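Just so we're clear, the structure is a prediction, and the values are computed from it rather than from any experiment. Numbers here are sequence positions counted from 1. One-based numbering, in listed order, for ligands and for the atoms of each.
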Amino acid sequence: MEFTCKICGNKEGNKFYTVREMQFGTRDEFVYCQCSSCECLQITNPPENLSKYYPKEYFSFQINKEKYLKEKLNIYRDRYALGINNFIGKFLYKKYGEPTYVGWLKNTEVNLNSKILDVGCGFGKLLFRMGNTGFKNLTGIDAFIERDIFYKNGVKIYKRNLSEIRDNYDLIMMHHSLEHLEDQHAVFKKLSSMLESGKHLLIRIPICSSFAWKTYKENWFALEAPRHLFNHSLKSLNILADKYEFEVVKTTYDSRSIQFWGSEQYKKDIPLMDERSYFVNPDKSIFTSEEMNEFENRTKQLNKDGEGDQAGFFLKRK
Ligand SMILES: [Zn+2]
């Protein structure tokens, strides 16, 4: 089989893998290619109608509606973490630590007035929380949601593609959305045009330069065939960053233990949404609590060692 890498153009020595849809368990097969040069893993035969693979449940199980009180308390903690002093927030911050997203934002030099775009935001869960905290200029886009959403706190979510956006931003974020987009060069070119020199791009993606890909191959949970069209390597992401005038200023690893238990389940032909899945029925799962603890511990170690299968890249426009 011949395939030209869509990132670096290499044709020689590429490897092919047949991967099944295992999140919902349709088990439809897709062929992925790993480029022998830039190591990017990419789908060779994306389905014509991709939206068929984004059923409503795809979003709803990610949204986890937060309780009213918890949302209110988050506001205090988030504000304190951002330097807005308050007594309740200080207490919660000491008890629960820094909210993860505040840690991300601290690497991007934004403030409450910054103009921020979240690309592929689903229902905009993160933006909604940021809006509650006091960020005033938040926009999200997602091509797969049903319609536009306008939250009372001012957050606007549009059903749109990146190519339709004309504005410039102080920060563009992509939380696990880049891997779903078809033309990676076009995406980076567009992102580059929307950020002036010194502005930031935060990209969080699965990464195949990882223990989980090397170990599980076709059964790697994060492959997510066919929705993930690209699963970047460190090298392929850097090729795009370089070409479109970005400097990678920081990389953090935030892989989760699902890299182990999800992949182990796929190896045993158990889809994520199956009755036997830990995700659906933790009590009936095939893993003991000792095994689950071990997956957690190994995940922490992989993140420390830079071998986790999810990473956050902080890029700065040159
Ligand atoms: Zn390549």
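Taking the ring centre of Phe295 as origin, the terminal cationic atom of Arg298 falls outside the region bounded by 6.0 Å and 45° from the ring axis. In this structure, Lys90 is not positioned above the aromatic face of Tyr80 in the sense of NZ or CZ being under 6.0 Å from the six-membered ring centre and within 45° of the axis.
Protein contacts to the Zn ion (ligand 1) involving N, O or S atoms at a distance below 2.8 Å are Cys5 SG, Cys8 SG, Cys35 SG, Cys38 SG.
Between the side chains of Gln301 and Asp305, a donor-acceptor pair is found at a separation under 3.5 Å. No side-chain donor from either of Glu29 and Thr18 sits under 3.5 Å from a side-chain acceptor of the other.
Between His180 and Tyr54, the ring planes are tilted. Angles from 30° to 60° get that label.
Aromatic ring centres of Tyr17 and Tyr32: separated by at least 6.0 Å.
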